[in-house]
Amino acid sequence: MPPILRLLQAGVAPVAGATQQTELAARESLAGHRKGIKSFLPFVGPAVIASVGYMDPGNFATNIQAGSATGYMLLWVVVLASLIAMLFQAMSAKLGIVTGRNLPELCGDEFSKPVVFGMWIASEVAAMATDVAEFLGGALGVSLLFHVSLISGMIVTGIVTFAILTLAKAGFRPLELVIGALVATIGLSYMCELVVAPLNWHAALLGSVVPQLHGRTAVTLAIGIIGATIMPHTLYLHSGLTQNRTPARNDNERRRLLRFSNREVLIALGLAAIVNMAMVMMSASVFARSGIADIGGAYHTLDLLLGAGAATVFLISLMASGMSSSVVGTMAGQMIMQGFVHFRVPVWLRRLVTIAPSFVIALHFNVINAMVISQVVLSFVLPLPMIALVVLSSRRSVMGGFTANKVTVYTAIAMTVLIVALNLVLIGQVVG
């Protein structure tokens, strides 16, 4: 039977090119006609896109400052934040697969109007805070690599991200492939940096498993790392990426989709965790000796200590990070607005509104400090989607026979309480 007829028979609307081929392969996997890695590959995409939020320029800024200010001490925060992210991203993906709806839509239906309105406003603030780090980071990379002004870098970054967003018109697969290539660029770049940077592996291992927080700076950076790693908008987005990608026709298919989804989350976010740890380790190794806590200073110091190759690779990874995360941030913003308040604006207008604060900051404030502060803002907004995921995942009226088990619920609650507690500690330090 021709592929197009098999898609129609399966109840899947055909989309041209790579997306059609992926949908056909996914149906064949669910039917048991593909085995091994071939059965898994058609479902790779949503968690890869979500993982971009864990390697965005906000991570660059917080990780560079963490490594330069505290050495390897905060690596355990990266590990903890990554584990929390895996759990909640899996919960978000499951919500979309089981219900066929995304988290903002379900919040709009299940919660009271004042709560929904408050969540929407907070999410929009988070979207702007996210774009500050993502957009400025990409622009910094362009500016430093090509020796142009920061404003010129911002214009180039804006044009490229909008061009990438237009790929969605051809279906989900082309966009996933481009984002995947950018993620691979970031990961490979930092693996190269680790090869040339002289690391203290004993200190790195100790910092990864022994919790330590000494001083206000360490607490602020730890909260910044958490905000940069467990991005609120990606928790909303992941449910939207899975809700209609390969619609399940029965519970058996839902179970298979969940198994594929959980594997992708573990792999994609596991690799993102390694990249984040590599950022901190490289910073601790190279920048701690020179007191660097600035992306521009990091580039020049890398050039001086490790050579032009290492510095160039650093900027390439920063550009890939900024452009890919800006795309993902815009996608999440669209979904958040439409889900919470049932209102949709053109992508170009959404892009202009969210990047406007970045231009103001670039002209009047310290860019790097603003990037780190933006990640702290994200940490304060983060408990909202986490609480929503716990509540909705526990409701049989929403999840049917796929409600979260008690271990998952209690673990998610404990992790949410931990993040709220860290936020309160930071508030106490500022007030005190």
Side chain to side chain, [X] and [Y], heavy atoms closer than 4.5 Å:
X      : Y      : value
Pro385 : Leu103 : yes
Phe172 : Glu23  : yes
Leu24  : Gln21  : no
Leu269 : Ser82  : no
Val142 : Met323 : yes
Gln89  : Tyr54  : yes
Leu175 : Met331 : yes
Val78  : Met279 : no

Distance-only criterion, 3.5 Å: show the donor-acceptor pairs between side-chain atoms of residues 91-98 and protein atoms not counting sequence neighbours.
from: Ser92; atom 1: OG; to: Leu235; atom 2: O; distance (Å): 2.5
from: Ser92; atom 1: OG; to: Ser239; atom 2: N; distance (Å): 3.0
from: Lys94; atom 1: NZ; to: Phe402; atom 2: O; distance (Å): 2.9

Using a 3.5 Å distance criterion without hydrogens, assess whether the side chain of [X] forms a donor-acceptor pair with backbone atoms of [Y].
X      : Y      : answer
Arg101 : Leu106 : no
Ser261 : Leu258 : no
Ser321 : Ser317 : no
Thr161 : Gly158 : yes

Scan for ring pair (Phe, Tyr, Trp, His ring centres under 6.0 Å) pairs involving [range], sequence neighbours excluded, and state none if there are none.
range            : answer
residues 239-266 : Phe43-Phe260
residues 83-119  : Phe117-Trp120
residues 317-336 : none

Let me check something: any side-chain donor-acceptor pairs from residues 176-186 under 3.5 Å, sequence neighbours excluded? List them with distances.
from: Glu176; atom 1: OE1; to: Arg173; atom 2: NH1; distance (Å): 2.7
from: Glu176; atom 1: OE1; to: Arg245; atom 2: NH2; distance (Å): 2.9
from: Glu176; atom 1: OE2; to: Arg245; atom 2: NE; distance (Å): 2.9
from: Glu176; atom 1: OE2; to: Arg245; atom 2: NH2; distance (Å): 3.4
from: Thr185; atom 1: OG1; to: Ala181; atom 2: O; distance (Å): 2.9

Report the distance from atom [atom1] of [X] to atom [atom2] of [Y], rounding to the nearest 0.5 Å.
X      : Y      : atom1 : atom2 : answer
Leu318 : Ser143 : CG    : OG    : 10.5 Å
Ser68  : Asn63  : OG    : CG    : 10.5 Å
Leu188 : Met191 : CG    : CE    : 8.5 Å
Ser51  : His238 : OG    : NE2   : 9.5 Å
Gln65  : Thr70  : CD    : OG1   : 10.5 Å
Asn102 : Gln243 : CG    : CD    : 4.5 Å

Could you pull out the closest heavy-atom pair between [X] and [Y], with the gap in Å?
X      : Y      : value
Ile64  : Ser283 : O-OG, 2.7 Å
Ala122 : Leu384 : CB-CD1, 3.5 Å
Leu392 : Met399 : O-CG, 3.5 Å
Val409 : Ala404 : CG2-CB, 3.8 Å
Ala248 : Leu257 : CB-CD1, 3.7 Å
Ser208 : Ala204 : OG-O, 2.7 Å

Tell me which one of Thr408, Ile387, Val390 satisfies side chain to side chain contact (heavy atoms under 4.5 Å, CB included) with Ile413.
Val390
Checking side chain to side chain contact (heavy atoms under 4.5 Å, CB included) against Ile225, which of Asn276, Leu80, Val77 comes through?
Val77
Determine, step by step, whether Leu302 and Met282 satisfy the side chain to side chain contact (heavy atoms under 4.5 Å, CB included) criterion, reporting the C-alpha distance in whole Å, the side-chain angles of both residues, the deciding distance to 0.1 Å, and the verdict.
CA-CA 10 Å; Leu302 279 172; Met282 187 271 288; 3.9 Å; yes
By the salt bridge (charged side-chain N to carboxylate O under 4.0 Å, His left out) test, which pairs, at least two apart or in different chains, include something from [range]?
range            : value
residues 381-408 : Glu110-Arg395
residues 257-270 : none
residues 65-89   : none

Sorted by chain and residue number, the side-chain hydrogen bond (donor to acceptor under 3.5 Å, both in side chains) partners of Asn244 (sequence neighbours excluded) come out as none
side-chain hydrogen bond (donor to acceptor under 3.5 Å, both in side chains) involving Asn262 - partner list, sequence neighbours excluded:
none
Quick one: list whatever passes ring-ring contact (aromatic ring centres under 6.0 Å, His included) with Tyr410, sequence neighbours left out.
none
With sequence neighbours excluded, tell me which residues meet ring-ring contact (aromatic ring centres under 6.0 Å, His included) with Tyr72.
none
Could you go step by step and tell me if Met119 and Val116 meet the side chain to side chain contact (heavy atoms under 4.5 Å, CB included) rule?
CA-CA 5 Å; Met119 291 184 70; Val116 171; 5.8 Å; no
CA sep, side-chain torsions, deciding dist, call: Ile151, Met154, side chain to side chain contact (heavy atoms under 4.5 Å, CB included)
CA-CA 5 Å; Ile151 297 299; Met154 295 172 75; 4.0 Å; yes
Apply the test side chain to side chain contact (heavy atoms under 4.5 Å, CB included) to residues Thr99 and Glu105: give CA-CA distance (whole Å), side-chain angles for both, the deciding distance (0.1 Å), then the verdict.
CA-CA 11 Å; Thr99 67; Glu105 289 173 341; over 6 Å; no
